[in-house]
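These figures come from a predicted structure and were not determined experimentally. Letters A, B, ... mirror the listed sequences (proteins, then strands); counts begin at 1.
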Amino acid sequence: MPELPEVETIVRCLRRHLLGFQVETVRLLFPPIVRNRKKSDLQRFKGQRVTGLRRRGKLVLLDFSGGLTMIVHLKMTGQLLVSPKSLPPDKHVHLAITFRAKEEELRFRDVRKFGFVLGVPTSGVNRTPEVRDLGPEPLALDLPSFLDRLEGRRGRLKSLLLNQRVIAGVGNIYADEILFESGLNPRAEVSRLSRRRLETLWSAVPKVLNEAIAFKGTTVRDYRDGEGLEGLFQNRLKVYGRQGEPCPRCGTRIKRIRVSGRSTHFCPGCQRR
DNA sequence: GCCACTGTTAGCAT
DNA sequence: CATGCTAACAGTGG
């Protein structure tokens with residue numbers, strides 16, 4: 001679920017709550033969510049202070065003193081929650097970190113268990129495959145670099161937006177919204193798009209993502225920020241989940257189709273190609 | 001109860 | 001190498 005705007009919102013929220021606190025205990029309740037060979041690697045974080053929170057694509061990076069970083073991917077249903085220690089965790093909480101002189105603990109909760117946590121040296125973050133294989137950040141991507149990335153690519157336009165090696169952070173919801181904003185068809189063949197259309201696409205990407213960040217992300221079902229709060233952008237979605245409703249631009253009924261295995265929402269009126 | 005569906009992506013097939 | 005499908009898991013809704 002969490003795509004770039006949701007992860008960005010979580011990171012900003014956790015920053016306010018966790019920065020400077022020193023880890024007291026690390027409780028691993030469901031070891032398979034840890035991607036390190038040795039699950040005990042996470043115990044190295046004990047005694048370290050939180051020095052920073054960052055986002056890369058859809059990954060959350062928690063930096064600690066002692067040169068350690070915790071990489072978290074929330075996949076479909078993962079959550080990072082700051083919860084009172086007095087509130088008993090439910091069965092979907094797989095990791096809990098307590099801090100000195102803090103009544104709340106940080107919990108990694110994930111109903112579907114697709115998400116993961118990985119402890120690495122901060123100096124090696126960019127060399128870990130999860131980070132290394134990501135494309136550029138869409139909010140800091142100039143037009144020439146964008147066009148370079150698409151050079152020689154083929155396939156459906158939507159698959160391209162979803163490909164994290166091309167651009168990092170766009171998922172199913174925002175891919176649909178970006179394509180609507182651009183007036184481009186999700187099934188368009190990438191290699192046949194004019195330069196002008198690619199330019200339109202390029203400008204729509206940060207436009208949609210920044211607006212979604214301003215509204216603290218989209219809650220369809222599971223997404224919550226670090227405080228357990230829902231996003232507000234779901235009310236402002238133009239096409240995602242709005243099949244059967246009139247297009248806000250031209251009034252045509254929004255359709256829902258399947259593109260490379262993903263449910264896809266678009267307006268047949270203003271996204272003809 | 002059964003079946004289809006879900007916001008991601010690794011791993012395999014083509 | 002690039003691109004396309006599917007399964008991994010759990011829950012929900014028809």
Tell me the interatomic distance from [X], atom [atom1], to [N], atom [atom2], rounded to whole angstroms.
{"X": "Glu6(A)", "N": "dT6(B)", "atom1": "CD", "atom2": "P", "answer": "17 Å"}
{"X": "Leu74(A)", "N": "dT6(B)", "atom1": "CG", "atom2": "C1'", "answer": "16 Å"}
{"X": "Leu59(A)", "N": "dT8(B)", "atom1": "CG", "atom2": "P", "answer": "13 Å"}
{"X": "Arg258(A)", "N": "dG4(C)", "atom1": "CZ", "atom2": "P", "answer": "15 Å"}
{"X": "Asp110(A)", "N": "dT9(B)", "atom1": "CG", "atom2": "C1'", "answer": "13 Å"}

Let me check something: do Val7(A) and Leu134(A) share a hydrophobic cluster, defined by ILVMFWY side-chain heavy atoms less than 4.5 Å apart, either directly or through other members?
no
Do Leu4(A) and Val239(A) belong together in a cluster built from hydrophobic side chains that touch within less than 4.5 Å?
no
Separation between CZ (Arg35(A)) and CG (Leu118(A)), nearest 0.5 Å, reads 7.5 Å
To the nearest 0.5 Å, what is the distance between CZ (Arg107(A)) and NE2 (His94(A))?
13.0 Å
Judged by modelled atom types alone, do [X] and [Y] share a side-chain donor-acceptor pair under 3.5 Å?
{"X": "Asp63(A)", "Y": "Thr69(A)", "answer": "yes"}
{"X": "Ser65(A)", "Y": "Gln48(A)", "answer": "yes"}
{"X": "Arg100(A)", "Y": "Gln22(A)", "answer": "yes"}

Parsed dot-bracket for DNA chain B after applying the Watson-Crick and G-U rules with both distances under 3.5 Å and | for other-strand partners is .|||||.|||||||
With heavy atoms under 4.0 Å as the rule, sort Tyr223(A) into base, sugar-phosphate or nothing.
base
Regarding Thr77(A), tell me which of base, sugar-phosphate or nothing describes its non-hydrogen contacts under 4.0 Å with the strands shown.
nothing
Reading nucleotides 8-14 of chain C 5' to 3', which nucleotides get B (base under 4.0 Å from a protein heavy atom), which S (sugar-phosphate only), which -?
BBBSS--
Within the pair [X] and [N], is there a side-chain N or O less than 4.0 Å away from OP1 or OP2?
{"X": "Ser260(A)", "N": "dT3(C)", "answer": "no"}
{"X": "Arg262(A)", "N": "dC5(C)", "answer": "no"}
{"X": "His73(A)", "N": "dT9(B)", "answer": "yes"}

I'd like to know if the side chain of Glu3(A) and the backbone of Gly57(A) have a donor-acceptor N/O pair within less than 3.5 Å.
no
Other residues, nucleotides, ligands: >12 heavy atoms within 6.0 Å of Arg37(A) CZ:
no
Please check if the number of heavy atoms outside Lys255(A) that lie under 6.0 Å from its NZ is greater than 12.
no
Any residue in residues 150-169 of chain A with a heavy atom nearer than 4.0 angstrom to DNA chain B? Just list them by number, or reply none.
Gln164(A)
Is any side-chain heavy atom of Arg55(A) less than 4.5 Å from a side-chain heavy atom of Val60(A)?
no
For atom P, what is the distance between dC12(B) and dC9(C), given to the nearest Å?
15 Å
